[in-house]
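Presented below is the structure to which this report refers.
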Number of protein chains: 2
Amino acid sequence: MPRALSPAEVEAFRDRLCAAAERLFAEHGPQAVTMRQLAVALGVSPMTPYRYFRDKDDILAAVRASGFERFAIALEAAYRAADGPLERSLAVGRAYVGFALKNPDAYRLMFDLSQPNEADYPDLVAASRRARDIMAGQATGLVEAGLIEGDPVLVSHMLWAALHGGLVLQLAGKLSPAIDPSALRRGAFEAIIRGLAGRGAVLS
Amino acid sequence: MPRALSPAEVEAFRDRLCAAAERLFAEHGPQAVTMRQLAVALGVSPMTPYRYFRDKDDILAAVRASGFERFAIALEAAYRAADGPLERSLAVGRAYVGFALKNPDAYRLMFDLSQPNEADYPDLVAASRRARDIMAGQATGLVEAGLIEGDPVLVSHMLWAALHGGLVLQLAGKLSPAIDPSALRRGAFEAIIRGLAGRGAVLS
DNA sequence: CAATATAAGTTTACAGGGTAAATTAAAGGA
DNA sequence: TCCTTTAATTTACCCTGTAAACTTATATTG
């Protein structure tokens, strides 16, 4: 049905395609998310997606962007719901771990090292930055309250590294004995925040 | 020249092939390490590698295993050269970061989440375990010396997570402003060890 | 020494991948 | 009505990984 195709329709198609990609990814693994499989999932010919995305990398970037979007929303909600810097940090940490464990495939893809550099995908950069800003805000709160001493940016990086590193090693099966996921969610990583914020940690 | 082919010759071919794979990986990216490219790099026909490896995943597993081998050797050297638990942990941490920054491609591949599960590759499991054991030994030292309180396994996981998370976020370009690599090597991450071991950190 | 078995290596072939180019079909404006 | 525009499909190409058949050269055996 040529002629036109409103921005809303374009957006709708892109969303449907991203959703299909996420489903394929989650249900049949990374090697199953192929142009042709995506096409059949949408009941469309193999070349149709190219009207809406530059190429396959562009599609995967959109999927990652949508993941970061939902991720940022979850972190923001936790941030706003808690009050007091320490409580906020703990809540954000819980939300972070919760998201990763509830959406392991999305989280994997979002931080996959073999993915092309995100700099070429503005939407992805924006969504990614949104999540990073919450991490920075939470860390700044800890520093301003005197719970941790040091550069807020560095503190943010450290806490993020601790969370991400633990999750990624767990998801990769490198930790042995493996960590009980429910223990993770309950707050094994809170130990780091509490440990550092507990008194006088100085990061420089 | 059929008949025979000593174990040493087999090992030599496998090593040459792994080396070629690492070079392709480092010089032209992951998508360039293809069976046919590997074959031309060795001056051999495309099917010849299949005499020495089950399939492509088997080759990549061997490359990862050799990476973990060199990684473990570096950590062990640092571990032995230092004396005193804190010094040992700091030395191992420095060696860890040094290896990752000097061999970013190897490190990426070793911890790539989209790689098939390592459980199917005994050599990889062994090499991986060797590295993990050093991390565990170093953490146990900290706990036994009373520098950190808690389960040594958990302490090991936490420190490993902090190191790995920071490196991986850095390699993925997620940290902004990016960390100066030389600062990383000089010991930005020592802050975590020192912070935790500084006095009375309790991890549980 | 000649014949054969065996194993290293190559050639050929195929299914499935991403995507460029040509083609078709449907709708709005003249 | 016809023509332009554009969504969508069809076709085609080259590149993957790898199975199967074939070639070639030695080591063993008669």
Side-chain angles (χ1 to χ4, degrees), chain A residues 1-18 20-25 27-64 109 112 114-117 120-121, chain B residues 1-18 20-25 27-64 109 112 114-117 120-121:
Chain A
M1 62 280 276
R3 207 61 188 234
L5 207 65
S6 69
E9 287 173 305
V10 169
E11 195 55 34
F13 186 96
R14 288 177 58 104
D15 286 353
R16 283 205 309 140
L17 201 148
C18 284
E22 272 182 278
R23 256 195 55 231
L24 278 176
F25 199 96
E27 292 180 7
H28 301 97
Q31 85 294 345
V33 43
T34 161
M35 287 295 144
R36 285 163 165 97
Q37 288 293 326
L38 284 171
V40 315
L42 298 194
V44 101
S45 94
M47 286 302 286
T48 299
Y50 286 93
R51 291 246 161 222
Y52 301 87
F53 294 94
R54 191 147 24 85
D55 54 19
K56 192 185 179 185
D57 283 345
D58 198 29
I59 293 176
L60 290 181
V63 172
R64 291 190 282 156
L109 184 60
D112 188 353
S114 58
Q115 225 58 45
N117 192 304
D120 306 343
Y121 304 94
Chain B
M1 61 291 271
R3 209 59 188 240
L5 206 65
S6 69
E9 287 172 306
V10 169
E11 195 55 33
F13 187 96
R14 289 177 57 106
D15 286 353
R16 281 205 311 139
L17 202 148
C18 285
E22 272 181 278
R23 256 195 54 231
L24 278 177
F25 199 98
E27 292 180 6
H28 301 96
Q31 85 295 344
V33 43
T34 161
M35 287 294 144
R36 285 165 166 95
Q37 289 293 327
L38 284 171
V40 315
L42 297 194
V44 101
S45 95
M47 286 302 287
T48 299
Y50 286 93
R51 293 247 163 220
Y52 300 86
F53 294 93
R54 191 145 27 82
D55 54 18
K56 191 186 178 183
D57 283 345
D58 199 28
I59 293 177
L60 290 181
V63 173
R64 290 191 284 156
L109 184 61
D112 188 354
S114 58
Q115 226 55 46
N117 193 304
D120 305 342
Y121 304 93

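Labels below follow one simple rule: chain letters A, B, ... track the order of the sequence lines, proteins then strands, and each chain is numbered from 1.
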How would you label the contact of [X] with the nucleic acid (heavy atoms, under 4.0 Å): base, sugar-phosphate, or nothing?
X	result
B:Thr34	sugar-phosphate
B:Phe13	nothing
A:Phe53	nothing

Self-check item: Bend angle of the helix from C:dC1-D:dG30 to C:dG29-D:dC2, from helix axes over five pairs at each end, nearest 10°
Solution: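 Overall, the helix from C:dC1-D:dG30 to C:dG29-D:dC2 bends by 30° from one end axis to the other.
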Quiz item: Start at the 5' end of DNA chain C and walk down; is the nucleotide closest to A:Arg54 or to A:Gln31 reached first?
Solution: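 Result: A:Gln31.
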Practice problem: Find which nucleotide of DNA chain C each of A:Val33 and B:Ser45 is nearest to by heavy atoms, and output the residue with the more 5' nucleotide. | Solution: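 This one resolves to B:Ser45.
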Quiz item: Only one of B:Asp58, B:Val10, B:Ile59 forms a side-chain contact (heavy atoms from CB on, under 4.5 Å) with B:Tyr52, so which one is it?
Solution: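 Of the listed options, the one satisfying the test is B:Val10.
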Practice problem: Flag the pair B:Val40 / B:Gln37 as yes when at least one side-chain heavy-atom distance between them is below 4.5 Å, and no otherwise. | Solution: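 Contact flag for B:Val40/B:Gln37 side chains = yes.
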Just to confirm, is there a sub-4.0 Å distance from OP1 or OP2 of [N] to any side-chain nitrogen or oxygen of [X]?
X	N	value
B:Arg51	C:dG9	no
B:Thr48	C:dT10	yes
B:Tyr52	C:dG9	yes

Quiz item: Quick one: CG on A:Leu17 to CE on A:Met35, what's the gap to the nearest 0.5 Å?
Solution: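 One gets 8.0 Å once the value is rounded to the nearest 0.5 Å.
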Quiz item: Has the side chain of B:Arg36 got a donor or acceptor that lies under 3.5 Å from a partner of the other kind on the base of D:dG17?
Solution: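 Per atom types, the contact qualifies.
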